[in-house]
Structures are given as structure tokens and as C-alpha cells.
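These numbers come from a predicted model, not from an experiment. Convention: sequence-line order gives letters A, B, ...; per-chain numbering from 1.
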4 protein chains.
Amino acid sequence: MKNKLFFLLFILSSCSMRAQITDPVATEVWSPEPRVVTPGAGTAVPSDAIVLFDGSNLNEWMSVQDSSAARWNVEGGAMTVNTDAGDIMTKRVFGDCQLHVEFSEPEVVVGEGQNRGNSGIFLQNRYEVQVLDCYQNRTYSNGQTASIYKQSIPLVNACRPPGQWQYYDIIYTAPRFNTDGIKVRPGFVTVLHNGVLVQNHTEIKGTTEYIGLPQNKAHGKGAIKLQDHDCLVKYRNIWIREL
Amino acid sequence: MKNKLFFLLFILSSCSMRAQITDPVATEVWSPEPRVVTPGAGTAVPSDAIVLFDGSNLNEWMSVQDSSAARWNVEGGAMTVNTDAGDIMTKRVFGDCQLHVEFSEPEVVVGEGQNRGNSGIFLQNRYEVQVLDCYQNRTYSNGQTASIYKQSIPLVNACRPPGQWQYYDIIYTAPRFNTDGIKVRPGFVTVLHNGVLVQNHTEIKGTTEYIGLPQNKAHGKGAIKLQDHDCLVKYRNIWIREL
Amino acid sequence: MKNKLFFLLFILSSCSMRAQITDPVATEVWSPEPRVVTPGAGTAVPSDAIVLFDGSNLNEWMSVQDSSAARWNVEGGAMTVNTDAGDIMTKRVFGDCQLHVEFSEPEVVVGEGQNRGNSGIFLQNRYEVQVLDCYQNRTYSNGQTASIYKQSIPLVNACRPPGQWQYYDIIYTAPRFNTDGIKVRPGFVTVLHNGVLVQNHTEIKGTTEYIGLPQNKAHGKGAIKLQDHDCLVKYRNIWIREL
Amino acid sequence: MKNKLFFLLFILSSCSMRAQITDPVATEVWSPEPRVVTPGAGTAVPSDAIVLFDGSNLNEWMSVQDSSAARWNVEGGAMTVNTDAGDIMTKRVFGDCQLHVEFSEPEVVVGEGQNRGNSGIFLQNRYEVQVLDCYQNRTYSNGQTASIYKQSIPLVNACRPPGQWQYYDIIYTAPRFNTDGIKVRPGFVTVLHNGVLVQNHTEIKGTTEYIGLPQNKAHGKGAIKLQDHDCLVKYRNIWIREL
């Protein structure tokens, strides 16, 4: 009996004197519960992804010039730039997102520098992640493959040879503007090129201009745009997850 | 003569009045030139990666307990936790890095919650990215697969069924401490789980404690640690790139 | 004539061959034009600030308990905590903001540690910047003056002696939650205490709990709350600018 | 006896089932203890600040051109730009810092746009926080008072009239470069102008060029530089705290 009482006192005192968290349960957080996403495997995409191109048609895309049907060439599970058709863009618009894109540079190498396999992926129709064949092809660093075009040099050059499939995994956070039209939170982008980190939470300075400086006009959601830069770049397996 | 003079004046005035950059060359940056990294393909790793485990041996690892040789079981190109051997850690130490790890949860499901396929990957020997079998297995959100353990809930649950190979791509920026020992720049981590974004530039709050709160004692580089949590988790194809 | 022609050719060639921006006008950005704010001086506040307390009345405040009129004591241009009245909060709600608050600790020192001059300023009714008399008064580091309460230790202790007026300049960026209720962008806070940097773009981990861990339930705009912690802390000259 | 046993069991079970931290002591962090800094008051500066100019002499400064003694004019507790002497810079070099600078624009207004009261404060000898008289004086937005020169438009225009003393409180985090010479973590700057937030954790894009684009060549610590832009701008009360 006496022993039990001592034990009881011990329990009580150990509870009240404790200066440290002693129960691992105390630091558990049960809510919210992340929803389930079945990840991709092989050609399957994550279950919450919007498939923008699965190799069969361009139903998610339209011509930038006149919003007519996109007229790039679909064949063999890939689309190829149609240099008569101009840029294409998604019909849907997006903000923060994870974007997966596969591309292949023309096997027959034509041109040098910016003229070799040039295309591009535009986030919110404004911010270009450069697509280019920089395999043994030097150009300006802030315009090479996986650069944020004319803004941010990639950490490394992770290009595969022309003709091989390559991919980008892009994590994008859109900029935010206040009611004065001033950018109060910049956009950020992380890019893995063929699985190699090339942009690490890089701030987007504004639009990615060929001539002149980044612009920072307030905007809302925007389309994903693919560029026709007169090169026969191929794309396949494009999907996006809204974050 | 007069015409030529007018033309000259036109040129001069057009130069001085120009308010826009007109030459695309003006916004090119040629230096530094990113170094070339041959990306991985199949089982090949990026050319600048340090291979921490290629399936053949544990030469890069040691026992956490006594720095002796790591005694996990290597077989069939994978290592399996040896529940008699305790945690293992790399002999090398790292700061900012990109880390790729593949893991497989035990095909024979044993236990529930935190007891099902528990292990973990510790960055700088302190900050755990949780490894757990959360395929149809509920536990606390901040302790499930791909959580920063007891700190940050993953954005989604992207688990594959037990027995299948899964992977993490981890982008890690180490915290920084001033000479007073106060953390002046936090660590950050981005995690893709089976290709799905689960941690997006998440701030690391401190050490990832089972009991109690994150600690923030100043430190330098640290090892990658793999946890023996009494579950027969398998690992393979582990590589790291220093950033 | 010949000289003029050479000069003309020189102008033309210098324009076309230029690889650098040569005109400073090219990098000017004229839009948007920041609006004019007349800064404060003496007791005047910035012209776009909302005055939350100018020393005369508590019209901008209400009781937290029952939304009735705030019953703290207004005298001599300051308000003093009424320990019978409980916390008070603004009638308006805010998101991102710059907040200026002046406070004075009781001249007659009573108590130790957390019991000496305790109060607090809550951003969005959830995130406390601690107010305490830590002049020669030791308490836990993550609970001392200018801590983000139980989250983030201030860089230094910049307290003035009790009875003197002190101030905080707080720059606050609110967290953002996705439709799953998961925090996708944390809140941040910068604090200057008596003009000394004490929190430098510190991530807010969640609510600042006395007992237990930070919570991260999704929320919108929220009031500024001042805490009644049974200490006769005075406040004056409180204003806020929406960012 | 039976009652006591039940009570004992109740205590035991309540301990083991407890899912919450119940003891506020559990979330206290006592280490590290922030060091004490006596804040400034009136003309006194924070006790850990390095005084760069207290009104009496230019001992902390040298000529940028030839490292000779700084030859700006010291009178009445202020220094005035000597337009025959060129820029001046601190003898010491700095990284992350909090910098306080007071300045006064010429009371006799001369010139327009960039020609009115132009000077500048360069962080690490490279990154200019613009000093200009933009009181009722329009210039390009990314070159006006408190801009990061030709990079970042201030949130608002908080200028005081010429002849009045104004001040900047600057919080600066230096960029970081990897061994490849690539910037892996950008610099950031927060600026309060006359107490009004004008730059909020703004990323620094590179050097702040008059002509051309920001450059991002790797560098270490650097001096604080004050610009002679042919305008009789005055400075006083300059101090810096290393972070």
C-alpha cells in the first residue's frame, strides 16, 4: 500500500515538474490531412495532374495569334513546332503550378547559338524557361537551355545530345501585385533539367524580353505558351498540377 | 549634300532620343558559363554527383553508434535496414545539396501508423525527411511520408504501395548562424516524392525531434543519415550533388 | 564633305555593332509611378496610415471577449491595460501591413520573467510579437521582448529601462493557404525594436501558443490584438499602413 | 484502497493518452540568449553599432579614386559632397548589415529629374540605394529616391522637401556565390525611408548600373560608398550594425 502511494506521488510530481515535452504525441499534428495523389509511373501522370498533351491531339491548345485551333504537327506521340503556325498556348490559365514538359531537339543539327533548336516554355504567358540545343553549342549564358531567358543563368548545363528526349520539372510560384500595380511579392521558379537542378527558387525579375528589360505589369492567371522559333523542336508528355 | 546632312542629324537625334533598348545583344550575359553536367539516364547518375550507394557496397557509410563499418544488408542492388545495426551515416559531410534517394517499403505489411515501414533521411545529420509507408495508412500529418518530421505537412500524399520502388528528389539549402549562435538565415528544403511536389521551399524550423521541439544549435556541414527504425526498409541508387 | 560622310558612317556602324547597352535611358522604367506618401514627423504619422490610437480615444478598438467597447484606460495621450477588461482588438481587419506601436513598461517593477510587464501585439489576431520588460530580466529566449512568441528568438535584446517609451516597427507579410487548407506560403515578419533589427524576415511558423505548438489553420484577414496579461503596460501612437 | 487504485490508474492513463502539450514550460527555449544592445536615443546610436560618421570627421572614409583621405566638407555636424573630390567609401568592409543614414537635399533647388540632389549609398561598393530629391520632381520610377537603382521601384514616394533631414534604415543581406562563380543565393534589401517601408525584402538583381544591366560577378565583403553626383547633398549620423 505504501509503495503504491509513493508511486502515485511520483507520477503526480513528475507530471507537474516536467520542464520538457516528454510525450511524443504532443508534437503530432493530425490536421489537415494531405489528400492522396497517385504518382505517375512510366507514361502515367500524377492523378491530380491536368494532361496538356498526351501525344494524341492538341485539344488543350490554341494558336496565340488568333485563338484558332493549334496547328502544330502531331505524330508518333509527339508534337513538332510548325514553323508556319506560330506560338501555341493552353486554353486554360494557371497560377502557381508544377509543370512537366518533355522535349527533343532536332537530330539534324542546324545553326548555331540561339539558332539551334530554339523554342521556349512561357509561364503565365510571360516568363520563359528557355528551350535550346546547348549540347556543345555556346550562346550567352542567360539565354542557354534552362535559363530564365535573359534573366537567370542556369546553375549547370545539363543538356542531352540532339535527338534524345529531355525533360523539365518546373515548380512555379506566381508574382503578386498590390492595388497600386506594384509587385509586392516576386515570382519564383525551380527547374530540374533531366533531373539536375538548374534553377533553385530563382526570383523572376519580370517578363523575359528578347529586346530590352523585364517588365512588371500587374496580371492575373495566364496560359502556358510554347514558342515557335523556326526550329523543329518536339514536345511530348506535358502535364501540370495546380498548387 | 543637304539630304545627307539631314540624314546625319536624324541618326544623331534618333540615338539620343531613344528611350528603349533596341539591340537584343544588349541584354546578353556571357559570363559565367555554366559548367557541363551529363545528366543521369537509367541507372547512370549526373556526372558531378557523388554516388553514395550504387547497390554494390556500403563504403561511403558508417555506423552512427561507433563509426565502425556500416552493417546494413546489401543484396540485389539494394541495402536493407539491419535492425540490429542501428542508424548509418555517410563518411562525408555536406551543406547545400541535391539528393536523390530511392526506397522501398516492406512488401509484407507489418504494423500501423508510425510502425509501418518507418525510416528516415536526415540532412546534415539533423533534419529528417520522413520515410514511412503511408499507402492507406493514416498517421499524424506532420509525421507522414515526405513530411519534414514533426514540422511540415507534405502538400499531398504521393505514396506508392509497399514493395514498389519510390524516390525522393531533395533540394536542400542549409541554415546559417551568426557568431552569436543565432540562426540568421533558415534552411530550406524542396522535395519531390515520386515526381510529385510535396515540400515547396519549406523552411526548416530546427532539428526534427521525436519528443519535443525543434532545436537550433549552430552547426557546420553534416552527414546524410539513414534511420534504423526497426523496419525492413530498402534503399538503392543514392546520389548527391553539392550545390 | 568627306569628313562628314566618314562621321556619318561612324555613327551608323557604332549603332549596328554595339554589343552593349550604351544609352542609360534604355534601363529606365517610368511606370508604375509610386504614389506620394508624406512621411511622419514628430507625432504626425505617414499620410496613408490608418491611425489606430492617437492618444485621445479607443474608437478603433473593441473588447475581444464580447466585441463591446474597449475599456482600457486612456490618459495623458496613452492607453494603459485595464486588467479587468481583457484583450482588445481593432474593429478593422488587416493582411500585409507595416505597423508602428509605442509602448512603455511599468516604472514600478513588479514580478520576474514573464510576469514583468507582459503584454503582446497580435498580427491577424494570431501571431504575437511579444511585449515584455526584459531590461535586466531574464526569461526564456523565445519568449522575451520582440520574440515571435515561442517561435523565434530576437537577434538581440534592445530593451529600454521600464518607464521609458519604446517602439516597434513591424513589417508583416501574411501567410497564404491553398484550397486544401494547407499553408503554401508562410507569413514573414521583420521587427525593429527601438530602431534595432530584432527579427529579419522571420518565417512565422503558425499561431503563437502559450501551451503547445503553432497551429496553421487557414484564415483570411484579421485584427490587431493587444494583450491584457495582468500588467499595466502603456501604449501610444499606434498606426498601420496596408501594404 | 480501491479508490486510490482507480485514481492511480486514472493518472497513468491520462498521462499515456494525452495528445496535447499541457505544460507551457515545454515550449520554452532558453538558449541562445540574445546579447544586450542598448538602443539609440536622440543622437546616441545602438551600442553595437560602428559609427561611420558622427559629424566630427571623416576618419572612417577614404577617396574611392585613390584611397587618399576623404575630402568632403565637414561642417555643422554634417558632411557635404565635395564635387571636386569624387565618391568616398568606408575603410572597413561589410557583409550583412543594418545601416542608418541621414541625408538632406540642397535647399536651393537646382535641376530636374536625376539632376536634382543626386547621390547614392552603395552597399558592398556595388548595390545602390538611390539618393535623390524626388519631392515634386518626377524621374523614372526605378531611379527615384529609395529605388534600388534601375532595378526596383520603391513602394511609395516618401520624400521630404529639400532642406529637411531625411533618413534611411536599410537591412541588407549579401548575395552568395558558389565556387563556379554562380550566384546561388541573391542579396536582399529592406529600406525604410523616413520611417515608411519602401523596399520590402527586395531581391538585388546584381550591380546597379547607370548604363546597361546588373552584373553578378562573385565578390566578398565590400565598403559602403557614398556618391558624388555633382550635387551638394549632405549626410549625417551614419552608423552600421553587422548582422
Inset, instruction - Taking heavy atoms only and a threshold strictly under 4.5 Å, list by residue number the residues of residues 201-216 of chain D that touch chain A; give 'none' if the list is empty. - result: D/Glu203, D/Lys205, D/Leu213

Inset, instruction - Scan side-chain atoms only and decide if D/His100 and D/Gln98 contain a donor-acceptor pair under the 3.5 Å cut-off. - result: no

Inset, instruction - Would you please name every residue forming a ring pair (Phe, Tyr, Trp, His ring centres under 6.0 Å) with A/Tyr135, sequence neighbours left out? - result: none

Inset, instruction - For D/Tyr235 and D/Gly120, work out which heavy atoms get closest and say how close. - result: OH-N, 3.7 Å

Legend entry - Any A/Phe177 side-chain heavy atom under 4.5 Å of A/Lys217 side chain: no

Legend entry - Aromatic plane relationship, D/His219 with D/Tyr127 - under 30° parallel, 30 to 60° tilted, over 60° perpendicular: tilted

Inset, instruction - For atom CD of A/Glu107, decide whether the heavy atoms of other residues, nucleotides or ligands shown that lie under 6.0 angstrom number more than 12. - result: no

Inset, instruction - Against chain A, label D/Ile182 side chain, backbone, both or neither, depending on which of its atoms sit under 4.5 Å from a heavy atom there. - result: side chain

